[in-house]
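Written out below as structure tokens is the structure these notes cover.
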Protein chains: 2
Amino acid sequence: MAFPIGELARQTAVKVPTIRYYEQIGLLPEAPRSEGNRRLYGSTEVERLNFIRHARDLGFEIEDIRELLAMAAQPQSSCHQVDSIANNHLAEIERRIASLTALKRELTRMIEECGHGRVCDCRIIEALADHSQCLAEH
Amino acid sequence: MAFPIGELARQTAVKVPTIRYYEQIGLLPEAPRSEGNRRLYGSTEVERLNFIRHARDLGFEIEDIRELLAMAAQPQSSCHQVDSIANNHLAEIERRIASLTALKRELTRMIEECGHGRVCDCRIIEALADHSQCLAEH
DNA sequence: TCTTGCTCCTCTAGTCACTAGAGAAGTTAG
DNA sequence: CTAACTTCTCTAGTGACTAGAGGAGCAAGA
């Protein structure tokens, strides 16, 4: 029933030091200890840690996850707040995609214009140096 | 001709503590000082800092910028390395866009399935909790 | 000349989410 | 009994800044 931290790490694909870190910041409750002072876990912790890992994979921040866990613990309450966290996160992701796409366009253009010659003619260096080329102005 | 750090900050839109930080890590050379120990700058520093800021805006890491600056200082050498840094960076950006797009898809699906009712029926919480829904399996 | 308010100085510590490493102690297999 | 492995605690490092304390310089107005 009870297994040590390495086994929990294997079952959830979360590294051992990360699990200890999550305990330290209170994302996981303090684990009961064996006689030899090792942390002991059960299936509840596997579930909780999987929840955390999945949310992290999706890019949620630790504080978001803290809130999501608190809400998941109150199944009778409205999921309006859950929805709002997820929607905020989606908006943030969309912002990041848009900004990265703009960067990609600019970089691609810079690279295409580079004649692969000497640095003194390099369009990449030039584009970076030239104040007037900054992203804000596109 | 020579102006203080605040003026450099204004001209380049880089914050004062950031400029001092760049000097500390050697991205900017140590500035000469006035009698009252204030850093003094000229147009050379404006150009260098604009280059740095633009590269940072484009998402280049400090170490990349260090290399780009070193190359820009040798205008007779080949720009092959410049091209390679830019291309690596472009590939990294494309990876990030792809990964964010996958997250967006997953999040959108989760949000759409959420019936906006109680937490006990919330598809978002469920999707996060459910081990089998993890991204790796898509 | 004095004061007010701004800018600047150095230094330390905090952010986020871990990751690395040291040194000691418990556990398991042969 | 020993060797190899896992676990323990603790500290410090990562990247790229940001915040704050406490003190000094400087420019303009009364």
Side-chain angles (χ1 to χ4, degrees), chain A residues 2-28 30-42 45 48-49 51-69 85 88-89 92-93 96 99 103, chain B residues 2-28 30-42 45 48-49 51-69 85 88-89 92-93 96 99 103:
Chain A
F3 42 83
I5 199 167
E7 180 59 25
L8 179 62
R10 237 163 283 127
Q11 284 189 38
T12 58
V14 175
K15 288 179 197 150
V16 169
T18 305
I19 296 173
R20 286 197 279 247
Y21 167 72
Y22 285 165
E23 178 180 304
Q24 193 194 312
I25 63 169
L27 207 55
L28 289 175
E30 286 191 25
R33 304 295 181 109
S34 73
E35 280 191 18
N37 198 34
R38 270 89 199 289
R39 289 170 180 84
L40 294 175
Y41 298 96
E45 283 74 35
R48 191 176 176 98
L49 194 48
F51 183 99
I52 294 169
R53 182 183 56 79
H54 193 195
R56 285 295 297 137
D57 283 348
L58 284 167
F60 284 94
E61 291 171 13
I62 298 280
E63 290 314 305
D64 285 340
I65 297 174
R66 221 186 274 279
E67 280 189 65
L68 289 171
L69 281 167
I85 290 178
N88 282 346
H89 186 53
E92 174 61 28
I93 286 173
R96 274 192 244 167
S99 135
L103 297 188
Chain B
F3 42 83
I5 199 167
E7 180 58 26
L8 179 62
R10 237 162 284 127
Q11 284 190 39
T12 58
V14 175
K15 288 178 196 153
V16 169
T18 305
I19 296 173
R20 285 196 280 248
Y21 169 72
Y22 286 164
E23 179 180 305
Q24 193 194 314
I25 64 171
L27 206 56
L28 288 176
E30 286 191 25
R33 303 295 180 108
S34 73
E35 281 191 17
N37 198 32
R38 271 78 198 292
R39 288 171 181 85
L40 294 175
Y41 299 97
E45 283 74 34
R48 191 177 176 95
L49 194 47
F51 183 101
I52 294 169
R53 183 184 55 79
H54 193 193
R56 286 292 300 137
D57 283 348
L58 284 167
F60 285 93
E61 291 172 12
I62 297 280
E63 289 315 303
D64 286 340
I65 297 174
R66 222 187 274 279
E67 280 189 67
L68 289 170
L69 282 166
I85 290 178
N88 282 345
H89 186 52
E92 174 61 29
I93 286 173
R96 275 192 245 166
S99 136
L103 296 188

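So that the names make sense, note that chain A is the first sequence line, chain B the second, and so on, each numbered from 1. Predicted model only: the values in this text are computed from it and were never measured.
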When you check the gap from the basic side-chain N to the acidic O, do B/Glu23 and B/Arg20 get nearer than 4.0 Å? no

A/Glu63: which residues meet the side chain to side chain donor-acceptor pair (under 3.5 Å) condition with it, sequence neighbours left out? A/Arg66

Just how far is it from atom CG of A/Leu8 to atom CG of A/Leu28, taken to the nearest 0.5 Å? 7.5 Å

Work out which heavy atom in A/Tyr41 is nearest to a heavy atom in A/Ile19; give both atom names and the distance. OH-CG2, 3.7 Å

Atom CD of A/Glu30 and atom C1' of D/dT9: how far apart are they, to the nearest Å? 14 Å

Check the distance between D/dC26's P and B/Phe3's CZ and give it to me in whole angstrom. 18 Å

Salt bridge B/Arg48-B/Glu45, side-chain N to carboxylate O under 4.0 Å: no

Would you mind building the protein contact string for nucleotides 6-18 of chain C? One character per nucleotide, 5' to 3', B for base within reach (heavy atoms under 4.0 Å), S for sugar-phosphate only, - for untouched. -BSSB------BB

